[in-house]
**Student:** 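Below: one structure in structure tokens.
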Amino acid sequence: MTTTLPATAAPTRETPRPASRAGARLRRLNLPAGAAGWIWLAIIIIPIYYILITSFKSQAGYFSQNPLALPSEPTLDNYKMVLANDFGRYFLNSVIVTLGATVPAVAFSFMAAFAIVRGNNRFLKSANTLFLMGLAIPLQATIIPIYLMIIKLHLYDSLLALVLPSIAFAIPLTVLILSNFIRDVPNELFESMRLDGCSEWQTMWRLALPLTKPAIVTVSIYNGLGVWNGFLLPLILTQSPELRVLPLALWSFQGQYSVNIPAVLASVVLTTLPILVLYIIGRRQLVSGLTAGFSK
Amino acid sequence: MTVAERGGVATARNRRKGSPSDKRLDSRQGRQQGSSTTTGPLNWLVVPALVIFLVFAVLPLAGVLLLSFTNWDGIGSITFAGVANWLRAFGDPTMYHALWLTFLIMALTWIIQTPISLLLGTFTAGTQKYRALLAVLYFLPLLLSSAAIAIAYKALLDPNFGLAAGLHMPFLAQDWLGQPQLALGVVIFVVSWQFIPFHTLIYQGGVRQIPKSLYEAASIDGAGRVQQFFFITVPQLKYTIITSSTLMVVGAVTYFDMIFVITGGGPGNATRNLALDMYLTGFKANQMGQASVTAVILVVLGLSIALWLQRLGGKDKNGSQLEGM
């Protein structure tokens with residue numbers, strides 16, 4: 001124990017030096033960068049600030065006050081009105097579609113990624129090539145045949161219609177990211193599982209799954225956000241008001257209440273709230289989920 | 001070892017021909033040979049992902065090509081139309097305008113987004129506390145959906161009750177969404193506002209991976225901040241720039257949600273890019289065959305641009321990034 005102490009103490013004794021160097025660097029303040037940074041902050045924050053404060057204004061306040069002034073008589077009426085307009089149901093629809101698409105997409109992709117990394121036959125290799133090429137298929141361009149298929153399957157105007165294509169289009173990137181992570185698992189661990197007599201199925205659940213958990217969280221968030229914010233599939237594949245998901249509900253709400261801007265902006269705030277909460281409690285995971293696989 | 005491995009693969013193959021799944025035999029042989037073998041059950045694991053991907057992504061891709069040679073109004077029966085849709089598309093000024101707009105939006109959003117996200121990424125990669133705080137706020141637009149952003153900007157751009165009145169800047173009080181040129185400008189601005197935070201994140205990650213020693217060596221050599229940025233940061237970020245540009249440019253081919261909500265393609269056809277043209281032709285004018293032609297063009301355009309960009313950066317992938325270390 002005592003012999004290791006000097007080794008651990010040495011770096012701590014050295015740390016002041018780089019820190020003081022950083023201090024010297026700080027003293028030469030980078031004024032242009034700082035100024036530009038604050039200007040950019042204004043560009044980002046003013047619209048968000050406007051959305052927030054306007055959503056608490058009464059309609060009279062909206063027409064009479066300075067648009068950027070805080071509401072003189074803050075009110076929750078807009079939020080009450082939005083909630084009275086079935087937003088609870090739309091929220092539930094969004095949750096169902098997001099979970100219904102993300103959980104199977106990640107589970108199937110994880111199984112596929114495990115097989116692709118562990119096996120090496122021609123079938124698995126060509127499946128992997130197919131998934132890689134699938135990265136380049138844009139959802140928008142396939143929407144007409146998807147529409148046709150969903151009609152033929154008698155799924156038009158159902159939440160399942162949104163789930164199935166969402167799963168399919170989440171698979172390529174998810175397989176790519178997860179297989180990169182599973183490839184990083186040391187081969188010795190797989191070997192020792194084999195020596196203990198575990199089947200591939202058991203190896204997958206007991207070894208690969210726990211070791212790739214961070215990547216699974218990341219891809220789940222990435223896919224979940226994509227589905228949560230998705231607009232085109234619900235626009236084309238559903239029709240009934242009671243099946244609206246949040247982005248679509250937002251759009252039809254602003255069409256319906258275009259004169260009541262504070263209420264429309266309250267609906268914007270409400271639909272963003274769940275993701276804002278996620279950002280506050282798990283910023284690191286959310287941020288890594290947003291750039292899943294791109295920032296490496 | 002290699003012989004044993006080869007033997008393992010061979011036995012696995014034979015076994016699959018005979019009795020497909022005998023886990024006991026499998027593990028016993030593995031124990032004897034100590035090598036990785038391919039097993040039948042692994043193939044089954046890929047099946048769920050493969051089936052749903054084939055049915056709902058690959059099949060529609062083939063379907064859109066087939067549909068481009070048909071007439072379909074979205075409800076009735078589908079009839080074969082030969083190359084009529086394709087001929088009409090190539091003689092249609094709306095189509096060319098949509099194609100031109102797609103390129104214009106692609107080019108302008110790339111020119112605006114790339115330098116700003118590159119600088120912001122470098123800025124937020126710094127270790128100063130205030131920069132970390134700013135970064136938290138910079139990423140807020142990422143939380144909003146495209147529909148939400150479009151709706152918010154519609155309110156914000158109102159000449160009487162929006163930003164112009166709030167900031168007391170009369171020149172901001174324009175009919176932003178009513179004038180063709182201005183509407184296009186709005187689309188480009190809002191796209192940038194929405195996606196710069198995302199690309200800033202990518203660049204921030206890239207900058208953080210640049211070895212500190214490079215900067216220390218440069219500052220010993222007397223290089224200032226600007227020189228360090230242009231001679232170290234930018235060259236080191238070559239692959240990050242290619243990744244980010246690919247995402248920007250390929251994304252621009254299919255911009256739909258935000259433009260659809262904020263302008264609906266108007267005024268006139270001023271913001272009707274290819275994706276909107278496809279939607280409006282197919283689902284508003286009920287010409288699915290004609291819209292499928294646009295969809296095929298979308299796919300080809302996106303693919304060829306992505307491949308071209310990847311080739312730009314792909315030549316000496318291993319060499320240059322570690323240069324000078």
Side-chain angles (χ1 to χ4, degrees), chain A residues 33 37 40-41 44-45 47-48 50-51 62 66-68 108-109 111-112 114-115 118-121 123-124 127 134 136-138 140-142 144-146 164-165 167-169 171 194-195 197 199-201 229 231-232 247 250-251 254 261 264-265 268 271-272 275-276 279 287 290-291 294-295, chain B residues 23 27 30-31 38-39 41-43 45-46 48-50 52-53 56-57 60-61 63-64 67 120 123 134 137-148 151-152 155-156 161-162 165-166 198 201-202 205-206 225 243 247 254 256-257 261 275 282-283 288 291-292 295 298-299 302-303 306:
Chain A
W40 182 254
L41 182 69
I44 292 296
I45 286 299
I48 292 172
Y50 174 85
I51 299 170
Y62 169 74
N66 178 309
L68 290 180
F108 294 165
S109 303
M111 283 162 31
F114 179 80
R118 291 293 293 155
N120 58 347
N121 61 40
F123 172 67
L124 292 173
I137 305 177
Q140 288 86 341
T142 56
I144 295 171
I146 287 177
L164 292 170
I167 297 176
F169 279 86
I171 284 172
R194 283 173 51 83
L195 294 176
S199 66
E200 290 287 356
W201 181 255
N229 288 335
F231 182 78
L232 184 65
L250 262 186
W251 175 64
Q254 68 104 36
I261 299 292
V264 169
L265 292 179
V268 168
T271 60
T272 313
I275 301 176
L276 185 69
Y279 189 61
V287 164
L290 279 164
T291 55
F294 301 128
S295 61
Chain B
K23 278 175 199 161
S27 65
R31 205 176 291 165
T38 354
T39 48
L42 277 179
N43 286 350
L45 289 178
V46 90
L50 194 61
I52 197 160
F53 178 68
F56 287 99
L61 189 66
V64 79
L67 280 174
L120 284 173
F123 180 71
L134 286 182
L137 299 170
Y138 285 166
F139 300 140
L140 285 176
L142 291 172
L143 309 180
L144 293 155
S145 69
S146 297
I151 290 167
L156 209 63
F161 307 107
F198 175 75
L201 264 180
I202 294 183
R225 255 186 213 115
T243 306
L247 292 171
T254 53
F256 177 82
D257 303 4
V261 176
F283 294 92
M288 293 292 183
S292 299
L298 266 179
V299 175
L303 257 181

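Sequence lines set the chain letters: A, B, ... in the order given, protein chains first and strands last, and positions in each chain run from 1.
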**Student:** What's the shortest heavy-atom distance between A:Ala127 and B:Val46, and which atoms?
**Tutor:** CB-CG2, 4.2 Å
**Student:** What part of B:Leu50 gets closer than 4.5 Å to chain A, counting heavy atoms only: side chain, backbone, both or neither?
**Tutor:** both
**Student:** Might you point out which heavy atoms bring B:Ser145 and A:Leu250 nearest each other, and give the distance in Å?
**Tutor:** OG-CD1, 4.3 Å
**Student:** To check you understand the geometry: which heavy-atom pair defines the closest contact between A:Asn66 and B:Ala165, and what is its length?
**Tutor:** ND2-O, 4.0 Å
**Student:** If you round to the nearest 0.5 Å, how far is CH2 of A:Trp40 from CG of B:Leu134?
**Tutor:** 12.5 Å
**Student:** Using non-hydrogen atoms only, which part of A:Ile51 is less than 4.5 Å away from chain B: side chain, backbone, both, or neither?
**Tutor:** side chain
**Student:** Examine whether an atom of B:Ala155 lies under 4.5 Å from a heavy atom of chain A, and if so say whether it belongs to the side chain, the backbone or both; otherwise answer neither.
**Tutor:** both
**Student:** Would you mind telling me which of A:Ile144, A:Ile48, A:Val268, A:Val264 has the largest number of heavy-atom pairs within less than 4.5 Å of chain B?
**Tutor:** A:Ile144
**Student:** Which atoms of B:Tyr138 come close to chain A, meaning under 4.5 Å heavy atom to heavy atom: side chain ones, backbone ones, both, or neither?
**Tutor:** both
**Student:** Applying side-chain hydrogen bond (donor to acceptor under 3.5 Å, both in side chains), name anything that partners A:Thr271, two or more places apart in sequence or on another chain.
**Tutor:** none
**Student:** What are the two closest non-hydrogen atoms of B:Pro60 and A:Pro145, and how far apart are they?
**Tutor:** O-CG, 3.2 Å
**Student:** For chain B, find which of A:Pro165, A:Ser109, A:Gly134, A:Gly37 contributes the most heavy-atom pairs closer than 4.5 angstrom.
**Tutor:** A:Gly37
**Student:** Using a cut-off of under 4.5 Å on heavy-atom pairs, state which of A:Pro47, A:Pro138, A:Ala136 scores highest against chain B.
**Tutor:** A:Pro47
**Student:** Which heavy atom of B:Ala147 sits nearest a heavy atom of A:Pro247, and at what distance?
**Tutor:** CB-O, 4.0 Å
**Student:** Taking B:Val299, B:Leu140, B:Asp257 one by one, which has the highest count of heavy-atom pairs under 4.5 Å against chain A?
**Tutor:** B:Asp257
**Student:** Given heavy-atom pairs under 4.5 angstrom as the criterion, report whether the side chain, backbone, both or neither of A:Leu164 touches chain B.
**Tutor:** both
**Student:** Please state whether the side chain, the backbone, both or neither of B:Leu303 comes within less than 4.5 Å of a heavy atom of chain A.
**Tutor:** side chain
**Student:** Check whether any side-chain heavy atom of B:Leu137 sits under 4.5 Å from a side-chain heavy atom of A:Ile44, and report yes or no.
**Tutor:** no
**Student:** Of the listed residues (B:Ala152, B:Gly63, B:Ala275, B:Ala57), which shares the most heavy-atom pairs with chain A below a 4.5 Å separation?
**Tutor:** B:Ala57
**Student:** Ignoring hydrogens, what is the shortest heavy-atom contact between B:Ala295 and A:Ala141? Give both atom names and the distance.
**Tutor:** CB-O, 3.3 Å
**Student:** With a 4.5 angstrom heavy-atom cut-off, could you sort out which part of A:Leu232 is near chain B: side chain, backbone, both or neither?
**Tutor:** both
**Student:** How long is the straight-line distance from CG of B:Leu144 back to CD1 of A:Ile275, given to the nearest 0.5 Å?
**Tutor:** 8.0 Å
**Student:** Measuring from atom CZ of A:Arg118 to atom CG of B:Leu42, what distance do you get when rounded to the nearest 0.5 angstrom?
**Tutor:** 7.5 Å
**Student:** Only pairs of heavy atoms separated by less than 4.5 Å count here; which of B:Ile52, B:Leu143, B:Leu120 has the most with chain A?
**Tutor:** B:Leu143
**Student:** With sequence neighbours left out, what residues match B:Phe161 under ring-ring contact (aromatic ring centres under 6.0 Å, His included)?
**Tutor:** A:Tyr62, A:Phe63
**Student:** Given that the side chain runs from C-beta out, which part of A:Ile137 has a heavy atom under 4.5 Å from chain B: side chain, backbone, both or neither?
**Tutor:** side chain
**Student:** Between CG of A:Asn121 and CG of B:Asn43, what distance do you get to the nearest 0.5 Å?
**Tutor:** 4.5 Å
**Student:** How long is the span from the CZ atom in A:Phe108 to the CZ atom in B:Phe53, to the nearest 0.5 Å?
**Tutor:** 15.0 Å
**Student:** Less than 4.5 Å to any heavy atom of chain B: does that hold for the side chain of A:Leu265, its backbone, both, or neither?
**Tutor:** side chain
**Student:** Just give me the residue among B:Val261, B:Leu298, B:Leu156, B:Leu61 that pairs up with chain A most often, heavy atom to heavy atom, under 4.5 Å.
**Tutor:** B:Leu156
**Student:** Which atoms of A:Gln254 come close to chain B, meaning under 4.5 Å heavy atom to heavy atom: side chain ones, backbone ones, both, or neither?
**Tutor:** side chain
**Student:** Checking A:Gln140 side chain against B:Thr254 main chain: does a donor-acceptor pair fall under 3.5 Å?
**Tutor:** yes
